[in-house]
Amino acid sequence: MSYNHFANLDIASRYDQHRPSMHAIIQDWLREAGLVGPYRRAMDIACGTGHPTLPLLALANEVEGIDASPQMAEQARRKGLNVCVGDLASLATGQYDLLTICMAFHWFDRAEALREMRRASQPGAIWLIYNFWLAGHRADPAFNHWLRDSYPRQFPAPQRAAPNFQPQAEETGIQLISQGQGSLPVTFSRRQLIAYLTAQSNIEAALSETFGYADAETLLDASLPAISNPDGLEYGYRYSICRLV
């Protein structure tokens with residue numbers, strides 16, 4: 001995995017408080033694919049503060065999470081989740097019939113991630129790899145321009161792989177079952193939106209001893225245009241469901 005931008009207590013707390021929790025929709029995706037379970041043992045890889053792990057409780061008899069950040073894992077444990085600190089190599093061998101990764105696959109070395117996921121999977125295991133992101137506003141072109149042009153120039157995203165997962169021809173034994181994308185409505189006040197942005201890797205990558213959250217919030221507040229209707233914001237999603245064959 002590349003440098004962990006979320007291995008810090010303040011960052012983990014902000015992540016937990018300010019990122020929207022839309023993860024229950026995974027139950028709909030799996031149901032539409034005819035894969036609602038029940039599963040015997042599920043693993044949420046890079047589980048963060050536990051928001052993507054919680055919906056798995058309705059899908060599997062046993063649910064575990066793993067994250068490389070001790071601070072993120074601690075936030076997840078406070079939700080009563082069974083979460084340990086570790087990386088992909090820490091996964092138990094041949095134990096899981098459902099593996100999920102939310103907003104993290106793009107941080108991994110692809111070949112290593114697939115190798116370790118195969119190792120951890122039972123025959124026929126289901127993999128769900130998905131992402132969320134702030135997609136823009138339904139009817140506010142000034143905000144959309146800021147989000148897609150001004151914001152990433154002010155706070156460039158750290159280097160990472162493409163966020164979507166598509167099995168390649170040479171990656172044999174991974175059967176694509178279903179893919180989908182869309183958006184969900186999300187509402188932020190101006191202050192909530194700025195707080196959300198400070199929980200993004202764009203901001204975390206810019207932090208230093210001389211540039212902190214207060215500085216980032218000041219710059220964001222100065223550049224962010226007024227939002228005509230906060231109810232018009234959209235949270236995008238994209239997912240791939242695969243079976244190990």
Side-chain angles (χ1 to χ4, degrees), residues 1-8 11-12 15-16 19 23 26 30 35 39-57 59-60 62-77 79 81-133 157-168 170-177 179 201 204-205 238-245:
M1 187 175 183
S2 58
Y3 174 76
N4 192 333
H5 295 280
F6 305 105
N8 174 287
I11 293 171
Y15 192 102
D16 192 52
R19 287 211 179 190
H23 306 81
I26 71 170
L30 290 167
L35 298 169
Y39 297 92
R40 188 184 69 83
R41 192 175 182 187
M43 167 57 73
D44 188 24
I45 300 169
C47 67
T49 63
H51 289 297
T53 319
L54 289 169
L56 301 181
L57 298 174
L59 299 171
E62 298 179 42
V63 174
E64 302 170 38
I66 192 168
D67 200 275
S69 165
Q71 296 83 4
M72 295 287 238
E74 177 57 29
Q75 292 280 347
R77 290 192 196 104
K79 299 178 177 65
L81 295 168
N82 179 14
V83 170
C84 66
V85 177
D87 57 15
L88 289 163
S90 306
L91 296 173
T93 298
Q95 292 297 307
Y96 304 102
D97 54 351
L98 176 63
L99 291 91
T100 60
I101 304 180
C102 177
M103 294 189 287
F105 191 81
H106 50 273
W107 294 118
F108 296 135
D109 175 87
R110 183 184 180 103
E112 177 189 5
L114 296 182
R115 182 178 66 250
E116 296 297 345
M117 290 172 68
R118 288 178 192 267
R119 180 184 58 78
S121 296
Q122 294 181 349
I126 298 301
W127 296 358
L128 169 60
I129 300 172
Y130 65 109
N131 282 279
F132 292 113
W133 67 94
Q159 185 176 1
R160 54 191 165 187
N164 56 309
F165 177 72
Q166 175 80 29
Q168 303 301 305
E170 66 273 15
E171 294 167 348
T172 57
I174 304 173
Q175 178 188 14
L176 180 64
I177 301 296
Q179 285 184 313
S201 58
E204 311 307 337
R238 183 183 291 114
Y239 68 89
S240 297
I241 302 173
C242 300
R243 176 183 283 117
L244 194 63
V245 296

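Fair warning: this is a prediction, and the values are worked out from it, not measured in the lab. If you read the sequence from its start, that first residue is 1, and numbering goes on from there.
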To the nearest 0.5 Å, how far apart are [atom1] in [X] and [atom2] in [Y]?
{"X": "Ser201", "Y": "Gln159", "atom1": "OG", "atom2": "CD", "answer": "12.0 Å"}
{"X": "Arg115", "Y": "Arg110", "atom1": "CZ", "atom2": "CZ", "answer": "13.5 Å"}
{"X": "Leu114", "Y": "Glu171", "atom1": "CG", "atom2": "CD", "answer": "5.0 Å"}
{"X": "Ile126", "Y": "Ile177", "atom1": "CD1", "atom2": "CD1", "answer": "6.0 Å"}
{"X": "Glu116", "Y": "Leu99", "atom1": "CD", "atom2": "CG", "answer": "11.5 Å"}
{"X": "Leu98", "Y": "Gln122", "atom1": "CG", "atom2": "CD", "answer": "10.5 Å"}

Considering only heavy atoms from C-beta outward, does the side chain of [X] approach that of [Y] to under 4.5 Å?
{"X": "Leu91", "Y": "Arg119", "answer": "yes"}
{"X": "Cys242", "Y": "Pro167", "answer": "yes"}
{"X": "Asp16", "Y": "His51", "answer": "yes"}
{"X": "Leu81", "Y": "Leu54", "answer": "yes"}
{"X": "Pro52", "Y": "Phe132", "answer": "no"}

Do the side-chain N and O atoms of Asn164 and His106 include a donor-acceptor pair separated by under 3.5 angstrom?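 Result is no, nothing qualifies.
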We want to know whether Arg19 and Thr49 form a side-chain donor-acceptor pair, criterion being a heavy-atom distance below 3.5 angstrom.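 Arg19 vs Thr49: no donor-acceptor pair found between side chains.
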Backbone N or O of [Y] within a donor-acceptor pair of the [X] side chain at under 3.5 Å?
{"X": "Asp67", "Y": "Gly48", "result": "yes"}
{"X": "Asn131", "Y": "Pro163", "result": "yes"}
{"X": "Ser240", "Y": "Phe165", "result": "yes"}
{"X": "Gln168", "Y": "Gln166", "result": "yes"}
{"X": "Asp97", "Y": "Arg40", "result": "yes"}

Do Ile26 and Leu56 pass the side chain to side chain contact (heavy atoms under 4.5 Å, CB included) test, and can you show the C-alpha distance, the side-chain angles, and the key distance before you say yes or no? CA-CA 9 Å; Ile26 71 170; Leu56 301 181; 3.8 Å; yes
Checking Asp87 against Phe108 for the side chain to side chain contact (heavy atoms under 4.5 Å, CB included) test, could you report, in this order, the C-alpha distance in whole Å, the side-chain angles of both residues, the deciding distance, and whether it holds? CA-CA 10 Å; Asp87 57 15; Phe108 296 135; over 6 Å; no
Which atoms form the tightest heavy-atom contact between [X] and [Y], and what is the distance?
{"X": "Ala42", "Y": "Ala60", "answer": "CB-CB, 3.7 Å"}
{"X": "Ser121", "Y": "Ala125", "answer": "CB-CB, 3.6 Å"}
{"X": "Thr53", "Y": "Val63", "answer": "CG2-CG1, 3.6 Å"}
{"X": "Val85", "Y": "Pro70", "answer": "CG2-CA, 3.7 Å"}

On the 0 to 90° scale, with breaks at 30° and 60°, tag the His23-Tyr130 ring pair as parallel, tilted or perpendicular.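 Plane angle over 60°, so perpendicular.
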Arg118 and Ile174: CA distance, side-chain angles, deciding distance, side chain to side chain contact (heavy atoms under 4.5 Å, CB included) verdict: CA-CA 9 Å; Arg118 288 178 192 267; Ile174 304 173; 3.6 Å; yes
Under the side chain to side chain contact (heavy atoms under 4.5 Å, CB included) rule, what do Ile66 and Met43 come out as? Steps first, then yes or no, please. CA-CA 8 Å; Ile66 192 168; Met43 167 57 73; 3.8 Å; yes
